[in-house]
Amino acid sequence: MRQERVVDLSNFNNTLTVSVIGAGYVGLTLAAILSNAGIKTYAVDVDKNKIGVIKKGKSYFFEPGLDEFIKKGIKSEKLIPTTNYKTAIQNSDTAFICVGTPSNFDGSVNLDFVFKSVKSILENVKSDLIVVQKSTVPVGTGERIKKMIDEYDNKEINIDLISSPEFLREGSAVFDTIFPDRIIVGGNNKKSVKKVIALYEKIDNFAKNIKHNNFMEYAFLYSNKKRSKNLAPFFERVIETDLESAELIKVTANSFLALKISFANSVSRLCAQNKAKTADVMDGIGSDHRIGKSFLTPGLGYGGGCFPKDVAGMINYANSYNFSFNILDEAVKINETQVYFAISKIKKLLGENLRNKKAALLGLSYKPGTSDVRKSQSSRLLRKILDRGMIVSVYDPQAINEAKKKISHKNLTYIDNIKDVFRKSDIIILATEWNEFVDFDYSKITKDMNSLNFFDGRGVINEDKIKELGFNFIGF
Ligand SMILES: NC(=O)c1ccc[n+]([C@@H]2O[C@H](COP(=O)([O-])OP(=O)(O)OC[C@H]3O[C@@H](n4cnc5c(N)ncnc54)[C@H](O)[C@@H]3O)[C@@H](O)[C@H]2O)c1
């Protein structure tokens, strides 16, 4: 239950050194921001190559603004990238676990990385430590970790476990880490809970002094900047709870957002049967404050390293108790089939036979602001249209290198410059809503195309304006 509290942080202000285990999207961002907030932070990863890149003052993946924070962290010597658990853990009083939790084939969550990192922590710990579990895990994982701690525990050392799930969004990871809209801290030991809250408060103090210069504008490119001004005071955003509630909050949040997306996509299928415009319908219902507008834009559906696996994990967890979470099964089905609905729309523009039709595909990452193509619906659509014999030129501002590792095809050409992607195309397919695609002046490329067709897979293009240029247009 949410409680009114005033926390005395005075005891915790000076001595903190932190280890962040797993230097990926979540861990590296957290480590970089903590170090900029003045906290000595070890960024620990088992991957030497990743640590090698971070040591040079940059990230090995694209995330707006992150490089600048890493560079400053390294320069101030507050950020210490390492593969050495021993040095990191023996110098830390808090260790955040931020390792990956991918899906197993049956949809259950693979916890191997989490348990391996706990084992490595326990093998190296020599003094009191708070372990903050931040990876997204099924309910009950904390209890399993506690059991490991009890079994390993040197009785003279206090090791306490806190669950504090992460809600950052790739593409605005820096913004979300600095300005989180809620901070969940689950655990039984009040002192440890307060210590972790104190750490987060250090980030909040840092946030209060941030200068909104050009660099921050860039870091916040894909964020709702207004949110930073409208945020409630720090302690009103902190929710203290028990371990299991904290674990469940995270997967429930992602499952609910997936439901919203699939709901909007179902409505778009209904709208295809009449003249209603889905965007207007969603705008109309989203204006009701009880519903809200976000995550109701119809489109190709959700993807990425989190939603698909977290929803699968939730369904699997429910099934393990013989409870069928049918509403989520349905959300997954809608998401899986949305790509075929998109193809039916493309056929409305190009005719039933797509073979040898040439597409200019805009976007490969699962959303704008990231180079991540994991479970990307845009990349899935690419595969499906290649299967149907289309010839595709594709451009993405950041994700081409990642996509090249996964998709190659004789009919597929990766293009480095947006201007060159449209040549001799029969259709533009906008698959990821990068600002660059929304702001692009399409009047400049109409001459380059074979025929003027535009499919907006993300509901971001102004239909009237694009039609004025002579395009046949279809969206969701
Ligand atoms: N990416 C997101 O947008 C996001 C948002 C919220 C929560 N999460 C959750 O946070 C967790 C981490 O996600 P991510 O996207 O940062 O993953 P990631 O794959 O980007 O990073 C995980 C890192 O952990 C490292 N690692 C694996 N085993 C290790 C070990 N034993 N010791 C040290 N390092 C190890 C890997 O080398 C990798 O660099 C997942 O549970 C994910 O569901 C992710």
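Order of appearance sets the numbers: ligands from 1, and atoms from 1 within every ligand. Only a predicted model underlies this, so the values are computations on that prediction, with no experimental measurement involved.
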Decide whether an N or O pair under 3.5 Å exists between V26 and ligand 1. yes
Which bit of R374 gets closer than 4.0 Å to ligand 1, counting heavy atoms only: side chain, backbone, both or neither? side chain
Could an N or O of ligand 1 be found under 3.5 Å from any N or O of K134, whether backbone or side chain? no
I would like to know whether K190 and E240 meet salt bridge (charged side-chain N to carboxylate O under 4.0 Å, His left out); could you show each step before the answer? CA-CA 9 Å; K190 285 283 162 212; E240 279 183 48; 3.1 Å; yes
Kindly confirm or rule out an N or O of E166 lying under 3.5 angstrom from an N or O of ligand 1. no
I want to check a possible cation-pi pair here: R269 against F341, using under 6.0 Å from ring centre and within 45° of the ring axis as the test. yes
Between D372 and ligand 1, which part of the residue brings a heavy atom under 4.0 Å of the ligand: side chain, backbone, both or neither? neither
Heavy atoms only, cut-off 4.0 Å: how does C98 contact ligand 1, side chain, backbone, both, or neither? backbone
Backbone or side chain, does any N or O of E170 fall under 3.5 Å from an N or O of ligand 1? yes
Heavy-atom pairs closer than 4.0 Å: do any link ligand 1 to the side chain of K309, the backbone, both, or neither? side chain
Between R374 and Y366, is NZ or CZ placed under 6.0 angstrom from the six-membered ring centre and within 45° of the ring axis? no
Counting only heavy atoms, which portion of S135 has something under 4.0 Å from ligand 1: side chain, backbone, both, or neither? both
Is any N or O atom of Y25, backbone or side chain, closer than 3.5 Å to an N or O atom of ligand 1? yes
State, with a plain yes or no, whether a side-chain heavy atom of I121 is found less than 4.5 Å away from one of I97. yes
Below 3.5 Å, N or O to N or O, backbone or side chain included: is there any such pair between Y85 and ligand 1? yes
